[in-house]
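As the structure is a computational prediction, the values presented were derived from the model and not from experiment.
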Amino acid sequence: KSTELALSDTLHDVFGALADNQRAILSNQSTVREIVGVVVQDNFNLKEENRKLRDRMLELERTIAEYQRREELRKERDFVNTLVQASPTFFFAVNPDGEIRMMNDAMLKSLGYQLSEVIGQSYINLLVPDNEHGMVSAEFENLAKSMRPSMMETQVISKEGRILKVEWHSRAIVRADGSLDYIFGVGIDITERLKTQEDLRLFKTIIEASEEAISISDRSGQLIYVNPAHEKLFGQPMMEAVAHNRDYYPEESLEIIKR
């Protein structure tokens, strides 16, 4: 009996150990499964974080590209604006309703206005003489319809009432959808040029009406003009006088000219 009891105890211990090992194995398997699950989840989370990181990087790249584009546009706009403001030529822009949208320093100075005094004002009512309202209004309408550049001469009134004659080169600027955004004009003040031309016409009239013989030569001595009294005195028309030049005058006249 003592032998059987000892064997029974031994078997019980063996089976107990086997059971403990089995439970340990099962516990280890469960642990492994948990570890694998954690690894899988971590791997999934890592992929998700990588995707989010890529998305953030792409968004950052787009933001940087947009900033660079805007910065280039700003620099280009500032450069053009500097040229416009520094130019002695007149620049202006009006909205489709005819209100002044922009005017450069040269035009403001010539007209005696501050920018705040003209922005939002009707170009025609503020700056165009009454007798040219219809002509300028029709020109604006034609620019808006044809979308083609145009050139015309009009008058503008300064703040003090002085009239300037301006040669305008204008065109319509459209939006992306084709609708009119504004009309842009570049003007050259020809007031002094026209005055000079008028003075020259008056001077020529006086010379041609004079009973005194008058001739004009360039610096080299080449005869370039004689008036009617000169033609009558020497008996040759101006073209012949210019063609003959110094051979046209008698020797005694040349001596006088040399003095």
Side-chain angles (χ1 to χ4, degrees), residues 73-175 179-209 216 218-219 224-225 227:
L73 289 175
R74 184 191 65 78
K75 289 180 180 179
E76 182 177 351
R77 183 181 64 249
D78 291 347
F79 176 72
V80 172
N81 185 63
T82 299
L83 292 180
V84 168
Q85 294 302 334
S87 172
T89 305
F90 293 174
F91 288 85
F92 83 96
V94 296
N95 293 321
D97 60 4
E99 290 185 353
I100 298 172
R101 178 170 178 170
M102 168 267 178
M103 188 176 293
N104 76 329
D105 291 341
M107 187 170 179
L108 288 168
K109 183 178 180 180
S110 293
L111 298 180
Y113 283 104
Q114 297 294 323
L115 184 61
S116 59
E117 295 178 289
V118 301
I119 293 297
Q121 298 295 319
S122 168
Y123 177 88
I124 292 177
N125 293 337
L126 181 67
L127 302 178
V128 179
D130 292 342
N131 63 321
E132 291 191 357
H133 276 199
M135 178 180 67
V136 175
S137 179
E139 180 67 11
F140 282 175
E141 291 179 6
N142 181 61
L143 282 166
K145 291 178 181 178
S146 69
M147 300 295 179
R148 294 179 179 177
S150 74
M151 190 280 285
M152 70 181 302
E153 293 181 7
T154 67
Q155 294 178 330
V156 292
I157 308 173
S158 72
K159 190 175 182 179
E160 294 76 20
R162 187 167 58 95
I163 300 294
L164 301 180
K165 190 75 173 182
V166 182
E167 179 182 290
W168 291 109
H169 299 261
S170 308
R171 67 177 303 157
I173 306 300
V174 299
R175 301 184 180 92
S179 62
L180 177 65
D181 191 4
Y182 57 92
I183 292 173
F184 186 69
V186 179
I188 302 171
D189 184 357
I190 58 175
T191 308
E192 291 302 320
R193 187 181 77 187
L194 293 178
K195 184 178 183 301
T196 300
Q197 291 175 350
E198 183 62 29
D199 291 343
L200 287 173
R201 282 193 292 268
L202 178 60
F203 179 66
K204 183 178 180 182
T205 300
I206 294 173
I207 290 179
E208 291 186 345
I216 301 175
D218 61 19
R219 292 183 177 180
I224 58 176
Y225 173 82
N227 72 337

Asks: Can you find a heavy atom in the side chain of Ile190 that is under 4.5 Å from one in the side chain of Val166?
Replies: no
Asks: To the nearest 0.5 Å, what is the distance between CG (Asp105) and CZ (Phe90)?
Replies: 12.0 Å
Asks: Specify the closest pair of heavy atoms between Asn227 and Ile207, including all atoms of both residues, with the distance to one decimal.
Replies: ND2-O, 3.1 Å
Asks: Could you report the tightest heavy-atom contact between Phe91 and Phe184, atom names first, then the distance?
Replies: CD2-CZ, 3.3 Å
Asks: Which value, rounded to the nearest 0.5 Å, describes the distance between Leu127 atom CG and Lys159 atom NZ?
Replies: 12.0 Å
Asks: Do Val118 and Met107 have side chains that approach each other closer than 4.5 Å (heavy atoms only, starting at C-beta)?
Replies: no
Asks: Locate the shortest heavy-atom distance separating Gly187 from Thr89; write the atom from each residue and the value.
Replies: O-CG2, 2.9 Å
Asks: Which distance, rounded to the nearest 0.5 Å, do you find between the NZ of Lys165 and the CD of Glu153?
Replies: 5.5 Å
Asks: Which distance, rounded to the nearest 0.5 Å, do you find between the CD1 of Ile183 and the CZ of Arg171?
Replies: 12.0 Å
Asks: Any ring pair (Phe, Tyr, Trp, His ring centres under 6.0 Å) involving residues 124-149? Give me the pairs, sequence neighbours left out, ordered by first then second residue.
Replies: Tyr123-Phe140
Asks: If you look at every heavy atom in Ile119 and Arg101, which pair is closest and at what distance?
Replies: CD1-O, 3.4 Å
Asks: Start with the C-alpha distance between Ile157 and Val128, add both sets of side-chain angles, then the distance that settles side chain to side chain contact (heavy atoms under 4.5 Å, CB included), and finish with yes or no.
Replies: CA-CA 6 Å; Ile157 308 173; Val128 179; over 6 Å; no
Asks: Would you name the heavy atoms of Ser87 and Ala106 that are closest together and state the gap between them?
Replies: O-CB, 3.3 Å
Asks: Got a second to check how far Leu164's CG is from Leu111's CG, nearest 0.5 Å?
Replies: 6.0 Å
Asks: Taking side-chain contact (heavy atoms from CB on, under 4.5 Å) as the definition, give me every residue that meets it alongside Gln114, ordered by chain and number, with sequence neighbours left out.
Replies: Ser116, Glu117
Asks: Output all residues satisfying side-chain contact (heavy atoms from CB on, under 4.5 Å) with Thr154, sequence neighbours left out; order by chain, then residue number.
Replies: Glu132, Met135, Val136, Met152, Trp168
Asks: Residues two or more places apart in sequence or in another chain: which of them pass salt bridge (Lys or Arg N to Asp or Glu O under 4.0 Å) with Arg148?
Replies: none
Asks: Just jot down the salt bridge (Lys or Arg N to Asp or Glu O under 4.0 Å) partners of Glu141, sequence neighbours excluded, or say none.
Replies: none
Asks: Any side-chain heavy atom of Met103 within less than 4.5 Å of one from Gln121?
Replies: no
Asks: With no hydrogens and no angle check, is any side-chain donor or acceptor of Ser146 less than 3.5 Å from a backbone partner on Asn142?
Replies: yes
Asks: Sequence neighbours left out, what passes salt bridge (Lys or Arg N to Asp or Glu O under 4.0 Å) with Asp97? Give chain and number order.
Replies: none
Asks: Side-chain contact, heavy-atom cut-off 4.5 Å: Ile100 with Tyr113?
Replies: no
Asks: Which pair of non-hydrogen atoms, one from Ser110 and one from Ser158, has the smallest distance, and what is that distance?
Replies: O-CB, 4.2 Å
Asks: Please report the interatomic distance CZ(Arg201) to OG1(Thr196), rounded to the nearest 0.5 Å.
Replies: 10.5 Å
